[in-house]
Every structure is written in structure tokens, then in C-alpha cells.
Amino acid sequence: MCPYGERAVIVPVPASVTGVGSPLLNLNEGWFIGEYPAEDFYAETALPSGFKPYTIDGTGWVNRETRNIAGFWRKVMVPQEFSGKRVILRFNSTAHDATLWVNGKFVRKHWGSYGSWTADITDFVQAGSEAVLAVRLDQRPVGLVPFVRFSANFQGDVQLYAVPQNYIQRLRIHTDLDAAYKDATLQLWLKFPEAASGSLKLNLVDAKGKKLATSPSSITLPAGMDEFKYDFAVKNPKKWD
């Protein structure tokens, strides 16, 4: 296993969630930044001393001369309609060594640059109440950092969203054609929580929105599996080159 973390689990952002009118919140505004923050800044319930307003606008915070440590802090109201759902926090670009706390509790670490990562924070928040989010980012040139492309950190969108109790944790799609380049196989890799149950329906549409036949069109989730793959036959799809 990589010393900088396990294989990534990036929870897809849902288009809709039953019982939730607006399942997605954008958290780009409302942050505060402090360079070389106190070790326990994440435990503060009021704005930490020395922190200044910060908006995520795609440019990112960067100190190329010192490549130092920065803390990011904010409050967010978790919608009441998220009650009974899983609550996911997604960062779409941080660099390089990130540590996340929610309401003063450690949630997870992430190491990387430019890539997205998610955290299931359901057990750390309460629907209808404010939550304190704190992120510590370390840019110092240690470990693998000198060998990767440098980037401004904390520059991608930050999102908070609700998903059902049974939700997709990881999704990968791959397509392949047969030897005659006529029919195709749609390969779908999926990861669900081990306790997930039920069935998954697949809708495949063309560029004009016409529904295409797939076989099977519904699959039953296997119990207790970490990740599984299904192959779906697609008859004579439109080709491209």
C-alpha cells in the first residue's frame, strides 16, 4: 500500500437525491486562511487569531518562496433536509499534504496535487446545525513533494452534498469493441459500502437522448463485496474516430 494513503475513493456528485431538494452546496466562499497556524487551530469554534478571508477562485494560495504551511477554516450550515442521508465533503484540488478536521475531530489525510478527494463526514455533523471545517495544507519540499509538479494549493471547488445510505463510492467506466468493430461491451466497475443492498438500474442514452438497449438493464448488488465489475452488451453503437 502507498505510504501516502489507500486507493482513492471519490464519491460521484449526484444529479438528484430522493427527498432532498438541493443535494449540492458550493463552499468556495466563506473560508479564512492563516499561514503557520497554531497546532490546534482546527479546534477553534470562533475564527482563529490572525486568519484572513479567503475565496477559492481557481488561482489558489501559494507561497513559492517558502512553500510553507497554511490553515483554512470556515463554518457551514448543514441543511436540515440532509437528515437521514450520508453527507459528503469533496475537495477538487489541494496540494500537497492535507489534513481535514470537522467540528474539531480528525477525519482523514490526503496526499496529492490537482486531484479530487472526498470524505464521508456524516458521523461528524448534524443536519440543521453549523459545522466547523478546518484543513491544514503542507507545501514544504519534503518526502515526494520535490519530485512532483508544483501547484498552488486549495484552488479547486469545494462541495458539500448528500447521498443515499446506499451510494456509489467509486465508479469507473470502460468500453471496448469486438474484433469486427461492430458491437461493444460496456464495462462498469462499482464500489458500494459493504452493507449496501438492493439493485442498480442502468440507463444508456445516445447523443440525441434516445435510450439504448443494454443487457442486463438492472443488476443486484452482491453482498459484502468491496468492488465488482459488470459487462453490458451494446449492439452496434455509433462509432467515432
Side-chain angles (χ1 to χ4, degrees), residues 1-14 17 20 22-33 37 40-45 48 54 56 60-61 69-79 81-139 151 153-172 190-196 226-227:
M1 183 173 64
C2 173
Y4 288 89
E6 299 177 355
R7 185 180 174 206
V9 172
I10 304 176
V11 181
V13 178
V17 176
V20 181
S22 301
L24 176 65
L25 298 180
N26 184 289
L27 303 185
N28 286 359
E29 296 183 358
W31 290 91
F32 295 86
I33 181 176
D40 60 350
F41 82 96
Y42 59 85
E44 298 287 347
T45 56
Y54 179 83
I56 300 171
W61 167 81
I69 299 171
F72 297 86
W73 184 98
R74 69 160 293 159
K75 289 184 177 181
V76 60
M77 176 61 72
V78 181
E81 62 179 354
F82 282 17
S83 178
K85 310 298 182 184
R86 306 302 298 182
V87 182
I88 307 298
L89 184 62
R90 176 169 176 146
F91 297 88
N92 285 302
S93 181
T94 59
H96 295 280
D97 187 355
T99 306
L100 170 67
W101 295 269
V102 175
N103 285 331
K105 302 293 181 61
F106 170 77
V107 178
R108 63 162 295 183
K109 292 182 67 69
H110 172 79
W111 197 95
S113 183
Y114 292 109
S116 299
W117 56 283
T118 57
D120 186 331
I121 62 171
T122 310
D123 296 337
F124 302 90
V125 299
Q126 182 176 348
S129 299
E130 270 193 334
V132 175
L133 311 180
V135 181
R136 179 184 183 272
L137 293 179
D138 189 343
Q139 286 189 325
S151 73
N153 61 29
F154 218 46
Q155 64 187 50
D157 290 341
V158 179
Q159 299 161 308
L160 184 77
Y161 49 99
V163 296
Q165 291 293 329
N166 288 346
Y167 66 96
I168 298 174
Q169 293 181 312
R170 185 187 296 126
L171 171 65
R172 179 190 173 200
L190 289 161
K191 175 177 170 60
F192 282 83
E194 289 187 7
D226 175 69
E227 187 171 20

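Atom set for the values below is all heavy atoms of this structure, side chains included, hydrogens, waters and symmetry mates excluded.
A donor-acceptor pair is defined here as one N or O able to donate and one able to accept, closer than 3.5 Å; such a pair exists between the side chain of Trp73 and the backbone of Glu44. When atom types are taken as modelled, the side chain of Arg170 and the backbone of Phe192 share no donor-acceptor pair closer than 3.5 angstrom. Using modelled atom types, no side-chain atom of Thr118 and backbone atom of Phe91 make a donor-acceptor pair closer than 3.5 Å. A donor-acceptor pair is defined here as one N or O able to donate and one able to accept, closer than 3.5 Å; no such pair exists between the side chain of Lys85 and the backbone of Pro23. The backbone N or O of Ala119 sits nowhere less than 3.5 Å from a side-chain atom of Arg108 that would complete a donor-acceptor pair. In this structure, the side chain of Asp97 does not engage the main chain of Asp138 through any donor-acceptor pair within 3.5 Å. Not one N or O on the side chain of Ser83 forms a donor-acceptor pair closer than 3.5 Å with the backbone of Ala127.
Proximity of Thr94 to Val135: side-chain heavy atoms (C-beta onward) are nowhere separated by under 4.5 Å. Put simply, the side chain of Ile121 does not reach to within 4.5 Å of the side chain of Ile88, judged on heavy atoms. At least one side-chain heavy atom of Ile10 sits less than 4.5 Å from a side-chain heavy atom of Arg90. A heavy-atom distance below 4.5 Å is not found between the side chains of Val11 and Ile168.
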>> Applying side chain to side chain contact (heavy atoms under 4.5 Å, CB included) to Arg86 and Asp123, what does each step give before you reach the verdict?
In response: CA-CA 9 Å; Arg86 306 302 298 182; Asp123 296 337; 4.2 Å; yes
> Given the rule in the side chain to side chain contact (heavy atoms under 4.5 Å, CB included) test, do Phe124 and Val107 qualify, once you have shown the distances and angles that lead to the verdict?
Replying inline: CA-CA 8 Å; Phe124 302 90; Val107 178; 4.1 Å; yes
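Between Phe72 and Trp31, the ring planes lie perpendicular to each other; the angle is over 60°, past the 30° to 60° tilted range.
Once rounded to the nearest 0.5 Å, the distance linking NZ of Lys75 with OG of Ser129 reads 12.0 Å. With rounding to the nearest 0.5 angstrom, the CG atom of Asp157 is 7.5 Å from the CD1 atom of Ile56. From Ser22, atom OG reaches atom CZ of Phe82 across 8.0 Å, with rounding to the nearest 0.5 Å. Atom CG of residue Leu133 and atom CG of residue Leu100 lie 7.0 Å apart, to the nearest 0.5 angstrom. A distance of 11.0 Å separates NZ in Lys105 from OH in Tyr42, rounded to the nearest 0.5 Å.
Judged as a side-chain hydrogen bond (donor to acceptor under 3.5 Å, both in side chains), the pairs with a partner in residues 159-168 (not counting sequence neighbours) are, in order, Asn92-Gln159, Asp120-Tyr167.
A 6.0 Å sphere centred on NZ of Lys191 holds more than 12 heavy atoms belonging to other residues, nucleotides or ligands. Surrounding CD of Glu130 are more than 12 heavy atoms belonging to other residues, nucleotides or ligands, all under 6.0 Å away.
Checking Val102, Leu27, Val125, Leu89 one by one against Val76, the side chain to side chain contact (heavy atoms under 4.5 Å, CB included) holds for a single residue, Leu27.
Of all non-hydrogen atoms in Ala162 and Val17, the two that sit nearest each other are O-CG2, 3.2 Å.
Scored by the side chain to side chain donor-acceptor pair (under 3.5 Å) test, Thr99 finds Lys109 as partners (sequence neighbours excluded).
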